[in-house]
There are 2 protein chains.
Amino acid sequence: MAENNQKLRIKDIAVLAGVSEGTVDRVLHNRGDVSAKSREAVTKVLDEMNYSPNLLARSLASKKQYRFVCIFPTFQSGEYWETVDKGFDLAAQEFQHHNVFIEKKYFNQYDTQSFVNVSNEILQNEPDAVFVAPVFKNETLDFTAELSKRHISFSFIDSQIEEANFLTYYGQNSFKSGYIAAKLLLALMPEGAQILVIRTKRKGSGSNQTFSRSKGFMQFIQDKGLSNRIEIVNVEFSNDDELENLATLKQIFSTHSNIKAAITFNSKVYRLASLLEALKETNIRLIGYDLLDENVKYLQQGVINFLIAQRPDKQAYFSVRDMCRELIFRQEIKKINYVPIDILMKENIEDYMQFSEYI
Amino acid sequence: MAENNQKLRIKDIAVLAGVSEGTVDRVLHNRGDVSAKSREAVTKVLDEMNYSPNLLARSLASKKQYRFVCIFPTFQSGEYWETVDKGFDLAAQEFQHHNVFIEKKYFNQYDTQSFVNVSNEILQNEPDAVFVAPVFKNETLDFTAELSKRHISFSFIDSQIEEANFLTYYGQNSFKSGYIAAKLLLALMPEGAQILVIRTKRKGSGSNQTFSRSKGFMQFIQDKGLSNRIEIVNVEFSNDDELENLATLKQIFSTHSNIKAAITFNSKVYRLASLLEALKETNIRLIGYDLLDENVKYLQQGVINFLIAQRPDKQAYFSVRDMCRELIFRQEIKKINYVPIDILMKENIEDYMQFSEYI
DNA sequence: TGAATTTCCGTGTCCGCACACGACACGAAA
DNA sequence: TTTCGTGTCGTGTGCGGACACGGAAATTCA
């Protein structure tokens, strides 16, 4: 494709077009103060030999600094958002020489007000771009509306809010990933099998992601006409009381004798795994989401059969990269970016994690 | 982690160490002509404030050119090696401003002599680095031995030859991927099911990859004690005569009435899919390797149930990146790199391909 | 018509680094 | 003492591009 990669410098362009280097510069950057004649001459030369500027040299020379701010939930070691954090760090490292500096801000994903506070802080000293994990829809919309008003670009990761005027979105198609989960979990299930579907009570509005996954899951059952061949057993977990959950489960098992599979739509499948282990209910096909350390542990032990992953680090990294392409390099970018629905099992988790780590 | 990323330039180091910039440069590049005293002073300052050079500026200033040559099989559109090719192209684009220029050389993977010829060509005008897909073991060893003798670094992609002194290897753990294929294919197979295992006659030595996959596949059967619950039906295909293969299959089906699944260990599962379709044998669980256009087509149609992929473009790209890290940036690299064993189904193939395309 | 603007454009400097060149000191050989 | 290495080191220039500055030409205004 890119065949004529002769090393073309501005100097050469200037000679060919019969103007000065300064003029070429003006045309390249679409500055106003160029006569129509000069502009035309340069443009012509420019796309005859399709010139691409040396981005390295460009950033070297440019003294413009960029401040990017990320805002997403706090986390503890081994949790989901830690991987996102790593992705931002990697981007920070990669793009620091292009004069972009990344700040990370965290909020409590169970506390709306904490998001509002942090987002206000961000608005105080205006950054050049913002990356948001839109956990709270309304509050995020308030925030992004203000950003738009001030002409600050922003991108979504993890999930999106369609009404907002975001630059890019990186995240998984959760409906599809729920559909796939069903397919993996329910393939060749015997007649009459009972399937445990765990949901966690959450204060405030439930997460979009888990809801869509659940819809996808149900859609599969409907598509394949499984609703009268298997039985879905809905269970509601408490978010903090593990003993209560154990009791709930015990009770369920005492009244359901043919439970063959189980799923959770959030990333906390390790809790279910742990409870099932405690109950010695080991012969249950189990599937969950995201590579939390604990999840991976149970996957490797064979308690969890499948984990579905969504490359959180890449979501962060590519968001930053695309923002640079937009603001600095002026390259084409794509708005909606679905990350792959990665299927992990005991046997392929190791290589997968090693490879991601190393980018 | 990388907290103290103050913008430190050579100039600053020089001042702090009380020497000239030239001297700092000599220390940084381990040149000989520095007095022990100066060297020590600079070194001390250097690791007090841990300095990291601006790689952009470095490449900009350096006039050294690097010529990298890749040698791998020819391909037609939509085939496996095309993706590898794309990966090299992307790397070429990315690293051209670091003064590396990539040449691609192709050989006929069914003709040993063509490999020998091309590798000799490469030796004629010595490149700075070589990337090899070691299809022919002995001939590759001859080649790499000569490269080693001339101190030309080389890397393997796709498969490796342990005896050679390669810089990096990117490829899939084929044994594991065979194991996984078995797991996906044979999960919950009914008693007495017959499983079709297709192998293709190949002139010369068979491919390492397909052989290891087959071993992994069999290992799963052994591990799970399936050998007396299911029956493996081995079938040998011709590489070119599709009519003959059709006849073979027809014959097999006439003598085996309980065929439930089928697999090929090379990337040509689309041929099997096509034959099965022709024979109206549609209710067979089918799995294969690699995202050839044709394979993807059958996957999307639901004829193929699973495809196992191995990110060929990333193998190529990262090989080049690591070579740059070694020769130019002097960074740490890892020798053996297993790429993930990606599991693709009808429902996740689309996002997967879109995402890879966009890197 | 001369002065004041406005429009257009060329030059010079710097970004952080690599490298060639030449300067300088010192000691040994002539 | 002169001459000539040898071992150290400082300076200058350039990589490709961004941008400020100021000058010249074109235009407007008095």
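Letters go in sequence order (proteins before strands), and every chain restarts at 1. No hydrogens, no waters, no symmetry mates; every other heavy atom, side chains included, goes into these values.
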Could you tell me the separation between the [atom1] atom of [X] and the [atom2] atom of [N], rounded to a whole number of Å?
X      : N       : atom1 : atom2 : answer
L56(B) : dA18(C) : CG    : P     : 12 Å
E21(A) : dG12(C) : CD    : P     : 11 Å
L55(A) : dG16(D) : CG    : P     : 14 Å
N99(B) : dG16(D) : CG    : C1'   : 11 Å
R31(A) : dG17(D) : CZ    : C1'   : 11 Å
R26(B) : dG7(D)  : CZ    : P     : 14 Å
H98(A) : dG17(D) : NE2   : C1'   : 14 Å
R39(A) : dC8(C)  : CZ    : C1'   : 12 Å

Taking the side chain as C-beta and beyond, is there a heavy-atom pair between [X] and [Y] under 4.5 Å?
X       : Y       : answer
D158(A) : F72(A)  : no
I10(B)  : L28(B)  : yes
Y170(B) : S155(B) : no
E94(B)  : Y317(B) : yes

Just compare [options] and give me whichever is closest to any side-chain atom of [X].
X      : options                   : result
A57(B) : dC9(C), dG10(D), dG16(C)  : dG16(C)
Y51(A) : dG17(D), dA18(C), dG16(C) : dG17(D)
K11(A) : dA18(C), dC15(D), dA20(C) : dC15(D)
T23(A) : dG10(C), dC9(D), dC19(C)  : dG10(C)
S20(B) : dG17(D), dG10(C), dC9(D)  : dC9(D)
S38(A) : dC9(C), dG17(D), dC15(C)  : dC9(C)
D33(A) : dC17(C), dC8(C), dT11(D)  : dC8(C)
I10(B) : dG10(D), dG17(D), dC17(C) : dC17(C)
D25(A) : dC9(C), dA18(D), dG16(C)  : dA18(D)

Short side-chain N/O contact from [X] to OP1 or OP2 of [N], under 4.0 Å:
X      : N       : result
R58(A) : dG17(D) : no
H29(A) : dA18(D) : yes
S62(A) : dG17(D) : no
S35(B) : dC9(D)  : yes

Inset, instruction - Would you please say whether a donor-acceptor pair under 3.5 Å links the side chains of S62(A) and S59(A)? - result: no
Inset, instruction - State, to 0.1 Å, how close L291(B) and A309(B) come at their nearest heavy-atom pair, and which atoms those are. - result: CG-CB, 3.9 Å
Inset, instruction - Could you say whether K63(B) or G22(B) is positioned toward the 5' end of DNA chain D, judged by the nucleotide with the nearest heavy atom to each? - result: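 Nearest-nucleotide comparison on DNA chain D picks G22(B).
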